[in-house]
Amino acid sequence: MRGMRLADAVSRATPVPIAPMPIRSLSVLTALLHVYIALRLLPALAMLTPAWPLALAALAISALTIPLPFVSRGRERGASAGELLQWTGLISMGWFSSLFVSTLLRDAGLLLAWLASVLFGAPVPWHAVLPWSAMAVLVLATLVSMVGFLNARRTADVKRVEVPIRGLPAALEGFTIAQLSDIHVGPTIRSAYIQRIVDAVNRLGADAIAITGDLVDGSVAELREHIAPLAGLRAKHGTFVVTGNHEYYAGAHAWIDELRRLGLRVLLNEHVVLQTRNVRGAQNDEELFESQLVLAGVTDYTAGHFDAAHASDPHLALFDAPPLVHTRVLLAHQPRSATLAAQAGYQLQLSGHTHGGQFFPWNLFVPMQQPFTAGLHRLHDMWVYVSRGTGYWGPPKRFGAPSEITLLTLVMARG
């Protein structure tokens, strides 16, 4: 197993600075999209109800507040007024997303209706279709956002998954790993939210806890007190963490130090060997090795872009691993690490990153970047489990992709 000196040296390497987000461009773009929505919906709503200015006000608030969470990124977030504006901006972002997609779908439907009327002479009652379809767009976007808010803010349910491992030693039958991923402690996820997660995980009594990246959206100075409850996680073999891409946006090196200070083991292209049974008086080496499990972790798939010393490497993570310990589990934030992990000889990879899509239409784009979106999948001789995430990113909204605390149990493959 790699010594701590190399890991410490890697964790303290100088990061590559990140270019600031073009806030002005974001503001202009979102404002123009809000104007499009207003032009497409408000005249039709005015045909239906004198209350249409309420929709105009909601659109104005949304356009003005969406950029605010990005403007304040990296600043102290102590003022209650500032936190309220951030909450408003992020909720608006979720509402606007559904509103924009629904408006596009409405326009597509209206276009098809117009074509049907022109080509086939189909009568279309435009005086009813236009206003009521505009109202339907507003109601649908608002309802989806409300349900999505409740889904995001609740404590994640426990999802139990059995992973059948071919050739799993009897001593490892029933070994459990509680997986957390993509919590995104930040503007709307604070210490009380984290404490509820910690309490739920501790009730599981898992053998090990794995946190597969994207813990934070902010600096250590901003979020230290809010991530502190993670120090209370309890498992027989401890809690193990790998970095996600958001750790690098927020200052990975400082966060690695902070997580270690909390008593969590950060795996940077390295591994630990877990002795899962008391083998005092073992008759031979085979009995000893069959009760061990290699738990490895790699840095985020893109980490090398921020710091060359952090380049993700599943093979390196197994350096000096006992060759007779054949049960090997990899923690890797992004599912696309799986190709190299399978080549390296792991039996199971635990990942996150995708959020399961979080809400429509983003679930449609995940497969363009990642080989798997959520759940248990097979890649050659290796299983890949992708968590939908335990928190959420950006808008407090989950729709069709519920958050999860995953309890994975290793079992012998049958047949």
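For the numbers below, each heavy atom of this structure counts, side chains included, while hydrogens, waters and symmetry mates do not.
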Checklist entry - Would you call Thr409 and Arg160 a side-chain contact if the rule is heavy atoms closer than 4.5 Å? => result no

Item to check | Heavy-atom check, side chain of Trp393 versus side chain of His246, under 4.5 Å | outcome: yes

Checklist entry - Run the side chain to side chain donor-acceptor pair (under 3.5 Å) check on Thr65 and Thr88 step by step: do they pass? => result CA-CA 7 Å; Thr65 58; Thr88 305; over 6 Å; no

Checklist entry - So, do His34 and Leu64 sit near enough that their side-chain heavy atoms are less than 4.5 Å apart? => result no

Item to check | Verdict with supporting geometry, Asp217 and His184, side chain to side chain donor-acceptor pair (under 3.5 Å) | outcome: CA-CA 6 Å; Asp217 277 320; His184 290 283; 2.8 Å; yes

Checklist entry - Should Thr243 and Tyr248 be marked as a side chain to side chain donor-acceptor pair (under 3.5 Å) after you check the CA-CA gap, both sets of side-chain angles, and the distance that decides it? => result CA-CA 8 Å; Thr243 56; Tyr248 291 92; 3.1 Å; yes

Checklist entry - Do the rings of His310 and His253 sit parallel, tilted or perpendicular, given the 30° and 60° boundaries? => result tilted

Checklist entry - Which word best sums up how the rings of Phe100 and Phe96 line up, parallel for under 30°, tilted for 30 to 60°, or perpendicular for over 60°? => result parallel

Next on the checklist: Among Asp214, Thr390, Thr212, exactly one meets side chain to side chain donor-acceptor pair (under 3.5 Å) together with Ser181. Which residue is that?
Outcome noted: Thr212

Checklist entry - Does Trp362 CH2 have over 12 foreign heavy atoms under 6.0 Å away? => result no

Checklist entry - Going through the checks in order, is the side chain to side chain donor-acceptor pair (under 3.5 Å) test met by Gln334 and Ser351? => result CA-CA 6 Å; Gln334 298 198 36; Ser351 296; over 6 Å; no

Expected list for residues 135-148: side-chain donor-acceptor pairs under 3.5 angstrom, two or more places apart:
unit_1, atom_1, unit_2, atom_2, d
Thr142, OG1, Trp95, NE1, 3.1
Thr142, OG1, Leu138, O, 2.8
Ser145, OG, Ala141, O, 2.8
Ser145, OG, Lys397, NZ, 3.4

